[in-house]
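Each remark here refers to the structure printed beneath this line.
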Amino acid sequence: MKMKKFAALFLALILVLTTFAACGGDNNSSTSSKTEESSKTEESSTGGDSSAEDGDTNTGDITWDTADLSWKKNTDPVTMTCYIDFDWYAYDTWGNDDVSQLITEETGVTLDVTKSSDLNQLQVLLAAGELPDLIFTTNQVTRFMDPDQCYPYDELINEYCPEFMKLIDPVELVNNTQDDGHFYTLRSHYSSASDFADPRWVPSPGDSGLYLRTDLLEDMGKEMPTSIEEFKEILDAAQEKYPDLATYMPHPTWANPLCEFYGFTSPTAISYEDDKAFIGLSDPGFKGWLQFMNSLVQDGLMSVEAYTYEPEQFFQIVRSGGVFSASYNTNLASDTNKNYYDANNIDAHLEPVVAALTHDGVDEYAPLDAATGWAYFFISKNCKTPDRAINFVEYLKSPYGDHLTQWGIEGKHYDLNEDGLLVRTDYYLDKVEAGEANTLGVGPWYFMASGLGEAVSVSSGTLAYPEYATSDINLLKFRKEHYVRQPALAFTTPAADTDEFIIRTKLIELWNNSQVGLYSAADFESAYNEFVANCEQIGISKLNDFYTEKFQGALKKYEDAGITF
Amino acid sequence: MATKVKKAPSGGWKRFKSQFTLQVFAWMGVAFLLVFCFVPMFGIIIAFKDYKLTQGILGFFTSDWVGLKWFSEFYHDLVFWPTIRNTISMSLLKLVFTFPVPIIFALAVNEVRISPVKRTVQTISYLPHFISWVVVSGMLFSFLNEQNGLLNQALLGMGVIDKPISFLSGPQYFLPIVVISDIWKEMGWWAIIFLAAITSVDLSMYEAAKVDGAGRLKQIWHITLPSIKGTIVIVLIMSIGNLFGGGISGSNFDQAYMLGNVANNSVSEILQTYTLKMGLSQGRFSYATAISLMQSIISLILVSSSNWVSNKLTGTGLF
């Protein structure tokens with residue numbers, strides 16, 4: 001009997017202790033083990049025409065090839081936690097692929113990776129004071145540009161790797177420096193003016209694209225459209241001939257490419273005209289685009305149900321050949337044609353619209369690029385080894401690190417041809433064909449990647465899969481011809497929790513909640529007027545004044561620094 | 001032979017010692033409630049403060065007091081009336097339609113005389129309770145979507161409709177889908193409680209009623225239902241107390257979050273989903289706490305009033 005009591009008591013205590021233990025978090029997961037020194041491989045120059053190697057960013061005797069760069073001085077094993085705030089990311093483990101294994105071998109750095117499963121997760125970690133050592137995100141970034149949350153790069157560089165400062169493109173420093181005089185990251189995928197001028201440079205494949213089924217166009221005896229009006233005529237004809245297909249299906253969350261034909265990027269992105277900046281909802285082209293979308297729904301050419309789908313549901317319909325026209329990013333055609341239509345013998349073929357569709361005879365196509373880069377890589381104050389973190393950044397930022405993370409290992413994954421493009425090796429292609437691309441590690445660890453590095457990788461797709469990738473590249477090259485670069489727009493984002501921040505989040509919320517109603521409103525004018533009144537009530541004018549003030553300030557900053565675009 | 005009954009020891013400590021093992025388990029429950037239900041309530045204070053996400057837990061104490069600023073902002077927010085309307089209509093519809101169904105179902109199952117059939121029906125009816133709303137929403141997509149949903153395909157095939165119906169994006173279909181899916185998922189589970197109550201009814205009353213010539217329906221009306229009145233009232237009070245949470249059935253939040261979308265947002269955005277958006281998505285914790293607190297206060301008023309009314313009318317109540 002006594003034994004039973006003891007057993008019950010013991011069980012109870014264990015339960016209580018485990019309950020309380022579960023409440024406490026151990027965020028001290030970053031370790032700086034110095035037990036053994038890993039072998040260091042000589043840095044090899046991989047060629048290519050990056051600006052650093054051209055000498056643009058070499059100052060004095062310091063170059064990326066200097067033997068005693070700080071990251072090379074300490075390659076003891078160290079583990080840092082790393083949070084990747086993208087739920088679509090293909091990788092969530094470090095060390096299972098060629099590239100991450102080589103990085104660990106060369107730098108001693110191992111990442112304990114957590115991939116976001118929910119875009120709200122990072123905000124909770126921030127509030128709980130449990131930020132991982134390294135954070136790769138694009139979400140509510142102004143919260144992390146705070147010396148209480150993250151280390152300013154400039155302070156770490158000055159303390160642990162002063163030579164790094166001399167290797168960074170001065171324009172990039174201006175691009176990333178905040179109002180408090182610090183820079184908390186160097187945004188990935190930045191392209192300098194010389195990068196942009198490089199013939200291999202193309203815009204990001206994340207840009208939006210509009211697609212039509214050319215097999216059905218041919219069947220109907222139609223050509224690709226050159227105007228919005230022609231596009232609609234084609235959709236009308238397609239709906240009549242192929243009533244079982246979704247006539248036009250936009251991706252539920254991706255920026256709609258039709259906006260660009262009306263002169264703006266998206267309803268919630270920032271636009272500008274002369275020295276005034278404003279949210280896309282205030283763009284002069286917004287109403288015209290909205291009216292066109294409304295006409296598509298009213299004429300039965302687009303179902304608003306597409307906006308209720310999860311991205312996987314959109315892909316499932318497109319990949320099964322269930323659409324006549326669709327929109328998404330710029331590699332929808334190559335991916336779908338190669339991996340789904342041809343692989344499954346589906347008699348279908350998608351091609352992008354490579355034209356500036358006019359509306360009412362007006363050409364307003366001018367894709368806007370803030371040209372300051374894409375994602376942010378922060379070093380949180382929880383990081384116990386900030387010296388190793390900033391040295392890791394220095395390694396990744398080097399042309400070698402850039403090529404390694406974006407192109408792979410030279411000789412093993414690729415060779416460069418005389419045009420500076422990547423010729424993929426048999427080893428690489430065999431892995432891809434066998435569905436084992438994840439063992440290569442090419443792409444995911446691009447925390448400090450350059451825009452040119454990505455562009456070369458994308459452009460080289462035509463060498464490996466010319467029959468599929470050429471149409472994508474043609475679209476990207478066409479976009480490049482029309483690109484407008486305006487870095488000052490990157491400085492208009494309001495700081496977290498300010499009035500303007502709240503207005504912006506409320507406007508985005510209003511747009512998300514209202515867009516389908518506006519697309520499907522039988523009385524468009526009255527629905528639109530009500531929407532505009534609601535925007536005013538939230539404070540859209542105040543937000544636009546703020547954008548303009550910040551935009552003009554940024555323009556002056558670039559002017560003072562002698563930087564022109 | 002008289003059995004000697006062990007008398008409970010007098011005196012608090014002695015009594016406690018004699019119940020020591022049971023007490024440990026009871027206190028574990030109390031500790032659980034304290035840690036997970038009461039201590040976090042301290043966070044309510046940020047509804048009255050200008051708390052910022054980056055301030056961490058310390059910010060609960062150090063941030064500035066702002067009084068009722070967030071309550072006022074929510075009241076003037078464009079979404080205030082729509083979300084209140086949606087929350088109330090969704091909750092009331094679910095209460096009206098889903099509360100009686102398990103009772104009727106329990107009465108019907110109780111009348112089944114073939115035991116294997118009765119057990120099979122019970123098992124099949126409560127199994128959906130264990131399916132998560134995530135899975136249910138996936139099933140509903142497969143059944144109802146416009147492009148290749150089974151229902152649309154069937155209706156088109158039979159010539160009932162000539163173009164697919166937008167069940168998932170039409171705001172007019174949201175509430176019916178919520179109520180029907182909720183009944184399907186939770187009816188069998190809650191019927192178990194009422195079936196348990198029915199088994200405790202004195203069988204001699206049925207025999208007496210039969211002698212008096214009462215048929216099955218009369219027996220249900222005059223014996224079964226009055227006998228389980230207490231259980232019905234208690235479950236009803238609990239439902240009203242948790243009205244905004246979803247009553248006795250499926251969580252309003254789960255349903256609104258999983259079945260709601262940008263197309264039916266005008267009817268699917270409820271207080272809880274809006275709280276999530278403002279809190280976790282936008283990082284406005286103070287504002288989200290204020291919205292959530294408003295909902296809790298209304299729920300407290302509802303449960304107190306329904307308990308009071310029940311005590312007055314039936315003499316039965318929770319407290």
Side-chain angles (χ1 to χ4, degrees), chain A residues 4-5 8-9 11-13 15-16 19-20 23 118-121 123-124 126-130 140 143-144 146 148-149 243-246 249 252 300 303-310 313 316-317 320 322-323 496-497 501-502 505-506 508-510 512-517 519-520 534 537-538, chain B residues 20-25 27-28 31-32 35-36 39 50-59 73 76-79 82 137-138 141 144-149 163-171 259-266 268-269 274 276-287:
Chain A
K4 272 189 180 173
K5 270 191 177 180
L9 187 61
L11 181 65
L13 278 171
L15 283 170
V16 170
T19 303
F20 284 95
C23 302
D118 181 328
L119 292 180
N120 301 322
Q121 220 172 326
Q123 309 298 324
V124 179
L126 176 64
E130 293 185 357
Q140 299 206 10
R143 292 192 192 282
F144 302 96
D146 175 347
D148 292 332
Q149 301 300 330
D244 293 340
L245 298 184
M249 182 178 281
S303 165
V304 292
E305 191 168 283
Y307 283 92
T308 71
Y309 293 165
E310 292 296 321
Q313 292 162 338
Q316 188 258 323
I317 294 168
S320 63
V323 296
D497 303 316
F501 175 87
I502 292 168
T505 55
K506 283 190 171 180
I508 293 172
E509 187 67 22
L510 177 71
N512 289 339
N513 292 342
S514 310
Q515 59 172 323
V516 170
Y519 297 153
S520 53
N534 287 339
Q537 195 180 329
I538 288 172
Chain B
F20 186 69
T21 309
L22 295 173
Q23 289 283 355
V24 167
F25 280 103
W27 282 105
M28 273 171 52
F32 180 87
V35 171
F36 293 106
V39 173
D50 189 13
Y51 172 76
K52 291 183 173 61
L53 197 59
T54 49
Q55 294 170 324
I57 301 289
L58 270 182
E73 183 183 331
H76 292 101
D77 198 318
L78 284 171
V79 301
S137 70
F141 177 82
L144 302 176
N145 82 72
E146 202 177 334
Q147 195 66 24
N148 50 17
K163 62 176 188 177
I165 299 171
S166 308
F167 290 112
L168 298 175
S169 56
L259 301 173
N261 52 55
V262 289
N264 62 23
N265 192 275
S266 56
S268 65
E269 185 82 281
Y274 192 63
L276 178 87
K277 280 182 188 168
M278 290 299 107
L280 289 183
S281 305
Q282 310 294 352
R284 301 187 63 201
F285 279 28
S286 284
Y287 187 51

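Letters A, B, ... are given to chains in the order of the sequence lines, protein chains preceding strands, and every chain is numbered from 1. These numbers were taken from a predicted model, which means no experiment stands behind them.
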Heavy-atom contact with chain A under 4.5 Å, split by part of [X]:
{"X": "B/Phe167", "answer": "backbone"}
{"X": "B/Leu78", "answer": "side chain"}
{"X": "B/Asn145", "answer": "both"}
{"X": "B/Asn264", "answer": "neither"}

Proximal component of [X], with respect to chain B [non-hydrogen, under 4.5 Å]:
{"X": "A/Tyr519", "result": "neither"}
{"X": "A/Ile317", "result": "side chain"}
{"X": "A/Phe144", "result": "neither"}
{"X": "A/Gln313", "result": "side chain"}
{"X": "A/Glu310", "result": "neither"}

Taking the side chain as C-beta and beyond, is there a heavy-atom pair between B/Asp77 and B/Tyr274 under 4.5 Å?
->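 Yes, close enough: below the 4.5 Å cut-off.
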Evaluate the side-chain proximity of A/Met249 to A/Tyr309: yes if any heavy-atom separation is below 4.5 Å, no if none is.
-> yes
Pair B/Glu146 + B/Lys163: basic N to acidic O under 4.0 Å =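 Salt bridge between B/Glu146 and B/Lys163, a charged N being under 4.0 Å from a carboxylate O: no.
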Note: A/Arg143-A/Asp497 ion pair, threshold 4.0 Å (strictly below) =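 Between A/Asp497 and A/Arg143 there is a salt bridge, with a charged N closer than 4.0 Å to a carboxylate O.
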Closest heavy-atom pair and its distance - [X], [Y]:
{"X": "B/Gly260", "Y": "B/Ser268", "result": "CA-OG, 3.5 Å"}
{"X": "B/Ser169", "Y": "B/Asn261", "result": "CA-OD1, 4.4 Å"}
{"X": "B/Leu53", "Y": "A/Ala127", "result": "CD1-CB, 3.3 Å"}

Top contributor to chain B contacts, counting heavy-atom pairs under 4.5 Å, from A/Ile502, A/Leu510, A/Asp148 | A/Ile502
Look at A/Glu305, A/Gln123, A/Gln537 and state which one has the largest set of heavy-atom pairs under 4.5 Å with chain B.
-> A/Glu305
By side-chain contact (heavy atoms from CB on, under 4.5 Å) - contacts of B/Gln55 (at least two apart) = B/Tyr51, B/Lys52, B/Ser63
